[in-house]
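Scroll down for the structure; my scribbles are underneath it.
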Protein chains: 2
Amino acid sequence: MSATARSSSEIIEIGPLLIIPDEHLARADGRVLVLSIRELRLLTELGRRADRIMPREELFRLVWGREMRSGDRSVDVYVRKLRVKLEDALPGWRFIHTHFGFGYRLAAERSGRSQLDNTAATTE
Amino acid sequence: MSATARSSSEIIEIGPLLIIPDEHLARADGRVLVLSIRELRLLTELGRRADRIMPREELFRLVWGREMRSGDRSVDVYVRKLRVKLEDALPGWRFIHTHFGFGYRLAAERSGRSQLDNTAATTE
DNA sequence: TCGAGTCGTGACGAGGATGTGAAGAAGCTG
DNA sequence: CAGCTTCTTCACATCCTCGTCACGACTCGA
């Protein structure tokens, strides 16, 4: 493994998902997740406020650095892109949850059955 | 350093690839990889930080020993040369991965298959 | 149930970043 | 100096990201 230990490296852990903003990457079970700049920043800002519902306007401000114009769907589109890559990397898990009329919330939950069902989802 | 046997011979192992900076060579399944000085140094610096994304500017600084002029494509060109030789020596493997907008990352992954199959290039 | 608003999703084009082959310069060896 | 290898730079090709749109599915209150 890496012999060099980073002192101030921020690491956000969301279930099996690891977000390491300083290294410009996220990991799923150790595997590197290939994300674009916007995708990683959005995931990071969501991760920093895990379990909290984040309004689109605030996410946009955090990631894009400016005010969101009404009707702008950028956040939705990037949430979609993240969902695809996360589902691809960690099938059986759901991370980005929609709160209708409010925004999005990041949290690791198993998809398919109830959270009580611990049976591993069939991996294709 | 001297030409005598060194006690601290650094050996970097990236899957089936072995980098031995002190001996100015790399090995693929035992076979010696013929690399030029720049190629070996670039591979070494990447290997020393395996599985981490290295920005071009930093790679250039480490290998060339001076600041990179903006627009300089030297790193890209040498990444290409390394890729060709590595593919030649170890077909079916991919080592140098591009992270768009960030830089390059060295890790042993089997090509052809999804990145998800990769078992994070640690020592097996 | 119905309608208005909200969200999911695929696609597209522009612009920028990276891949790639080649040519000439520079260095090395005998 | 001749012949070879390596280094640097360039131009063109290709790929990727981003922002946006359109359309359909969904949600919730009336």
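Order of the sequence lines sets the chain letters (A, B, ...), proteins ahead of strands, with each chain counted from 1. What you are looking at is a predicted structure, and each value in this text was computed from that prediction instead of being measured.
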### Query
Among D:dC7, C:dG8, C:dT18, which nucleotide sits nearest the side chain of A:D76?
C:dG8
### Summary
Quick note, A:T98 side chain, CB onward, closest among C:dC7, D:dG19, D:dC18 is C:dC7
Restricting to nitrogen or oxygen on both sides, can you table the protein-nucleotides 28-30 of chain D pairs closer than 3.5 Å?
none

### Task
Verify the contact: side-chain N or O of B:R73 to OP1 or OP2 of C:dT18, cut-off strictly under 4.0 Å; return yes or no.
no
#### Entry: Ring geometry between A:W64 and A:Y78 (parallel below 30°, tilted from 30 to 60°, perpendicular above 60°)
perpendicular
### Query
Given D:dT8, is OP1 or OP2 found less than 4.0 Å from the side-chain N or O atoms of B:W64?
yes
### Query
So, A:E87 and A:R94, do they make that salt bridge, N to O below 4.0 Å?
no
### Query
Any side-chain N or O of A:S36 less than 4.0 Å from the OP1 or OP2 oxygen of D:dC18?
yes
#### Entry: Residue whose closest nucleotide on DNA chain C lies nearer the 5' end, A:Y104 versus B:R83
A:Y104
### Query
In whole angstroms, how far is the C1' atom of D:dT5 from the NZ atom of B:K85?
10 Å
### Task
Using atom NE2 of B:H99 as one end and atom C1' of C:dG19 as the other, report the distance to the nearest whole Å.
16 Å
### Query
Could B:D76 and B:R56 be called an ion pair, given the rule that one side-chain N must be under 4.0 Å from one carboxylate O?
yes
### Task
Whole angstrom is fine here: how far is it from CD1 in A:I37 over to C1' in D:dG19?
14 Å
### Query
Of the nucleotides D:dC10, C:dG8, D:dC18, which has the atom closest to the B:V77 side chain?
D:dC10
### Query
Which nucleotide in the list C:dC7, D:dT8, D:dT6 gets nearest to the side chain of A:R56?
C:dC7
### Query
Around B:R31, counting heavy atoms of other residues, nucleotides and ligands shown, do more than 12 lie under 6.0 Å from its CZ?
yes
### Query
Given atom CE of A:M68 and atom C1' of C:dC7, what is their separation to the nearest angstrom?
12 Å
### Query
Roughly how many Å is it from CZ in B:R38 to C1' in D:dT9, rounded to a whole number?
14 Å
### Query
Nearest-Å distance, CG (A:L40) to C1' (D:dT17)?
14 Å
## Note on the structure
Atom NZ of A:K81 and atom P of D:dC16 are separated, to the nearest Å, by 13 Å
### Task
Output the single nucleotide from D:dG19, C:dT18, C:dG8 whose closest atom is nearest the side chain of A:Y78.
D:dG19
### Query
Can a donor-acceptor pair be found between the side chains of A:T98 and A:R83 at a distance below 3.5 Å?
yes
## Note on the structure
Taking for B:V84 and for B:F102 the nucleotide of DNA chain C with the nearest heavy atom, the one nearer the 5' end belongs to B:F102
### Message
For residues B:I96 and B:L59: do they belong to one hydrophobic cluster (side chain heavy atoms under 4.5 Å, members Ile, Leu, Val, Met, Phe, Trp, Tyr)?
### Response
yes
### Query
Which whole-number value in Å describes the distance from B:R105 CZ to C:dT18 C1'?
16 Å
### Query
Is there a donor-acceptor pair closer than 3.5 Å between any side-chain N or O of A:K81 and the backbone N or O of A:E39?
no
### Message
Taking A:R49 first and then A:E45, would you say they form a salt bridge - that is, a charged N and a carboxylate O separated by under 4.0 Å?
### Response
yes
